[in-house]
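Only one structure is covered here, and it is reproduced in the block below.
Since the model is a prediction, treat every value here as computed from it, not as a measurement. Just so it is clear: chains get the letters A, B, ... in the order the sequence lines come, proteins before strands, and each one is counted from 1.
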2 protein chains.
Amino acid sequence: METTVPATDGAGGRGPGPGGRVTMQHVAAEAGVSVSTVSKVINGRYGVASETIEHVTGVIERLGFEASLVARSLRNQRTNVIGVLVADFEPFSTEVLKGAADAIRGTGFELVAYSAGGRVDAHVGWERRYLSRVMGTLVDGAVLVTPTVTEVQYDGPIVAVDPHTGPSSMPTVTAHNLQGATLAVDHLIGLGHRRIGMVTGRPDLVSAQLRERGYREAHARAGLEVDESLLAAGAFEPEPARAAARALLTLADPPTAIFAANDLSALATLEAAAELGLSVPDDLSVVGFDNIPESALADPPLTTVDQRIRQMGREAITMLVTMIAGEHPLENAHVNLDTTLVVRQSATTPGGTS
Amino acid sequence: METTVPATDGAGGRGPGPGGRVTMQHVAAEAGVSVSTVSKVINGRYGVASETIEHVTGVIERLGFEASLVARSLRNQRTNVIGVLVADFEPFSTEVLKGAADAIRGTGFELVAYSAGGRVDAHVGWERRYLSRVMGTLVDGAVLVTPTVTEVQYDGPIVAVDPHTGPSSMPTVTAHNLQGATLAVDHLIGLGHRRIGMVTGRPDLVSAQLRERGYREAHARAGLEVDESLLAAGAFEPEPARAAARALLTLADPPTAIFAANDLSALATLEAAAELGLSVPDDLSVVGFDNIPESALADPPLTTVDQRIRQMGREAITMLVTMIAGEHPLENAHVNLDTTLVVRQSATTPGGTS
DNA sequence: GTGAAAGCGCTAACAT
DNA sequence: ATGTTAGCGCTTTCAC
């Protein structure tokens, strides 16, 4: 007689056995109605007697039932969940997440973040694969925050944040790398520096390319020649950056200032200078890029370019929600956020403050 | 003749239509085999001709197919996904996430983070509801990082990080609040302070209670009487904390040092002191609790208690993986992480450094 | 070695 | 007003 309920205890009605979930089956059996009735109650569909609603609601409450997101996703197209795919939970991506969390409020969407767990190198096409796994089912759209967006071709509501490859067809949110780099180098030139070195970033990433271009353009606009021997490859990583800085600083005619492609490189430059007995900013001025929290903690506090990471997260969510709601692909939408220079104490006039 | 494939284009074989997902149906149709064969290939089951494997694999590759996490979750019990439920993506929870991401590596699990989007107040039993939604399907276990763990009763692999209510039956990871507070106050007493005020935390949270208890015990051990008028309620929030500090500092016989229940309160105390024309640490010593990044940026840099938030995330994942693997509930497992005192410049001997 | 069929938990037609 | 049924995409017996 009993409707089939996943093997738990007898009739009557506790919830599921230990470790089991409460399913709609349990609720239905307990309330003495069919699953569809329970479903209707949950979704507020018409055609249910008010006393049935009350009864079922009571049982749901008592059993602590909540519809499985998974089962629901499989049935419905819409899930009202937005996924954020991050390569790893590190400073940059968590900042983006904070911004995304800000922007998600009041949209009716929920936010879930997926992490590749840092093992990006192991599987390159990770984003694409994960996208396939969750798009369409589980999430209505996705924000990609992975440093290696290898031209993900996926037709759905997707926004990439700081995709390090070139301009893709997919909507992106980026910082204005060119402008930011110009800001940084203009600042150094304005302080009176004429021999400005650069610790460059990863050559395969556009952000790095643009930052270098900004360095060159600032020089050009100031009527300054770029001395190619003053550029050294830092790859956005501390170790190569340290080596690059050291190479620059041990030149016969060393630069009086160094613009580093990112804060990590700038921090490494600070260390290299210290190792060489150089005082910053008296003997050497340093400007970074990113404005990660650590930059403020450096000794001296780093003058750097702020790229408003949280705002990038906010923008991405806003775009995504528009895309999901409007259904229109919104191709070639690219938000480019302005950057600002944060002046701290690592850069001053050549020859020091004296 | 064709096997039923979700309405896409004709035969032959592009992927799905625009906006659609590639499902196993598509792969099967395209490869000219059945879905079950595709499934077997994907899961490496025996009983498939090697040339079939190759062919199907090729089609999968070409179509960029990846099995839907949702559909798979619904069928399988195990998903190899661990969920982290956070109230919001804020500094504390993202630190926990970073630690969790560290620990997840090499475990074979993936990490997904769910955010309530800060609207916890709106729905109190949020954790329980969300747990119901994802546990059993979608995630194999969960880490709770919500400030209001209202005695979540869920029988499954769950670990709570810093649950602010009393000791629950569920496994928890906490910082050693009592020890940390003792460390802080011992430090002040050691510096020679005898009138030490405290800006307390939210009275309903055990962490706050323990920190106050540490304050009292440190006094007791030093043979010092606690002057009850030197305790003021700060509620862990900047504004109440500022008011509390101001009240303390305008007393007829003000304290020479203040221990704040968390860094936010300590920072507010710094501000209150500045407003009153008091110099820290010369006129007043301040010690905080948490060691949030901002504490190092304060003026002066804050002496505080470090509670190793990332490590808490790591421990939680480790416990959870053990629970999931071992199948045993691991009830009453409580990890209590030692805290350390980070001495910066906001506390010195009474009367100043002079 | 391969395919047909059942079913995970749920929702949405379609009966009754 | 309620129940029955089909099916979302996948895995897994169980036939063939």
Side-chain angles (χ1 to χ4, degrees), chain A residues 1-8 16 20-29 31-56 60 63 65-80 132-138, chain B residues 1-8 16 20-29 31-56 60 63 65-80 132-138:
Chain A
M1 292 301 101
E2 306 282 318
T3 13
T4 51
V5 168
T8 63
R21 294 188 73 268
V22 183
T23 77
M24 234 166 75
Q25 297 263 20
H26 296 107
V27 176
V33 295
S34 73
V35 271
S36 53
T37 300
V38 177
S39 174
K40 281 169 193 156
V41 170
I42 287 172
N43 296 290
R45 298 282 177 273
Y46 291 108
V48 186
S50 56
E51 56 178 28
T52 308
I53 293 181
E54 232 168 292
H55 178 217
V56 172
I60 288 173
L63 262 44
F65 167 79
E66 191 76 18
S68 160
L69 185 60
V70 162
R72 179 175 280 177
S73 301
L74 200 52
R75 261 315 299 219
N76 300 349
Q77 338 208 46
R78 283 289 291 270
T79 59
N80 287 326
S132 289
R133 293 182 61 182
V134 299
M135 282 286 297
T137 57
L138 196 49
Chain B
M1 288 304 98
E2 307 281 318
T3 14
T4 51
V5 168
T8 63
R21 296 187 74 266
V22 183
T23 77
M24 234 166 76
Q25 298 262 19
H26 295 108
V27 176
V33 295
S34 72
V35 272
S36 48
T37 300
V38 177
S39 173
K40 281 169 192 156
V41 170
I42 287 171
N43 296 289
R45 297 282 176 273
Y46 291 109
V48 186
S50 55
E51 56 178 27
T52 307
I53 293 181
E54 230 168 294
H55 178 216
V56 172
I60 289 173
L63 262 43
F65 167 79
E66 190 77 17
S68 160
L69 184 59
V70 162
R72 178 173 283 178
S73 301
L74 201 51
R75 266 304 308 217
N76 301 347
Q77 342 205 47
R78 284 289 292 271
T79 60
N80 287 325
S132 288
R133 293 182 60 182
V134 299
M135 282 286 297
T137 56
L138 196 48

Between V70(B) and T37(B), who's closer to the 5' end of DNA chain D by nearest nucleotide?
-> V70(B)
Grab the NE2-P distance between H26(A) and dG9(C) for me, whole Å please.
-> 8 Å
With nearest nucleotides of DNA chain C determined for S34(B) and I42(A) from heavy-atom distances, which residue corresponds to the more 5′ nucleotide?
-> S34(B)
note: N43(B), atom CG; dG1(C), atom C1'; distance rounded to Å ~ 17 Å
Can you name the atoms? Protein N/O to nucleotides 13-16 of chain C N/O, anything below 3.5 Å, with the distance.
none

Could you state the atom-to-atom distance from CE of M24(B) to C1' of dC8(D) in whole Å?
-> 13 Å
Interatomic distance, CD1@I60(A) vs CD1@I42(A), rounded to 0.5 Å, equals 4.0 Å
Atom CE in M24(B), atom CZ in R72(B): separation rounded to 0.5 Å?
-> 9.0 Å
Whole-Å distance between dC8(C) C1' and L69(B) CG?
-> 14 Å
Under 4.0 Å: is that the gap between some side-chain N or O of R72(B) and OP1 or OP2 of dG9(D)?
-> no
Can you find a side chain N or O atom of S68(B) that sits less than 4.0 Å from OP1 or OP2 on dG9(D)?
-> no
With sequence neighbours excluded, what pairs up with R133(A) under the salt bridge (charged side-chain N to carboxylate O under 4.0 Å, His left out) test?
-> E110(B)
Contacting residues from residues 45-55 of chain B, given that a heavy atom lies under 4.0 angstrom of DNA chain C | G47(B), V48(B), A49(B), T52(B)
Over all heavy atoms of both residues, which pair between V22(B) and F65(B) is shortest? Give the atoms and the distance, please.
-> O-CD1, 3.3 Å
For N76(A) and dT11(C), is the shortest distance between a side-chain N/O and OP1 or OP2 below 4.0 Å?
-> no
Where A28(B) and V35(B) come nearest, the two heavy atoms and their spacing = CB-N, 3.7 Å
Atom CD of Q25(B) and atom P of dG3(C): how far apart are they, to the nearest Å?
-> 13 Å
Between dG7(D) (C1') and Q77(A) (CD): distance, integer Å | 13 Å
Mind checking what makes side-chain contact (heavy atoms from CB on, under 4.5 Å) contact with T79(B), not counting sequence neighbours?
-> S73(B), V81(B), D140(B)
So does S39(A) get a side-chain nitrogen or oxygen closer than 4.0 Å to the phosphate oxygens (OP1/OP2) of dT11(C)?
-> yes
Nearest whole angstrom, please: distance from the P of dC10(C) to the CG of L138(B).
-> 13 Å
Tell me the side-chain hydrogen bond (donor to acceptor under 3.5 Å, both in side chains) pairs involving residues 41-56 of chain B, sequence neighbours left out?
-> S39(B)-N43(B)
Nearest-nucleotide pick for R75(A), side chain only, options being dT11(D), dA12(C), dT4(D) = dA12(C)
Specify the separation, in whole Å, of atom CZ of R133(B) and atom C1' of dC10(C).
-> 13 Å
At what distance, to the nearest 0.5 angstrom, does OG of S68(B) lie from CZ of R75(B)?
-> 14.0 Å
N80(A) meets the side-chain hydrogen bond (donor to acceptor under 3.5 Å, both in side chains) criterion, sequence neighbours left out, with R78(A)
Per the end-axis method with five pairs at each terminus, what is the bend angle of the helix from dG1(C)-dC16(D) to dT16(C)-dA1(D), to 10°?
-> 50°
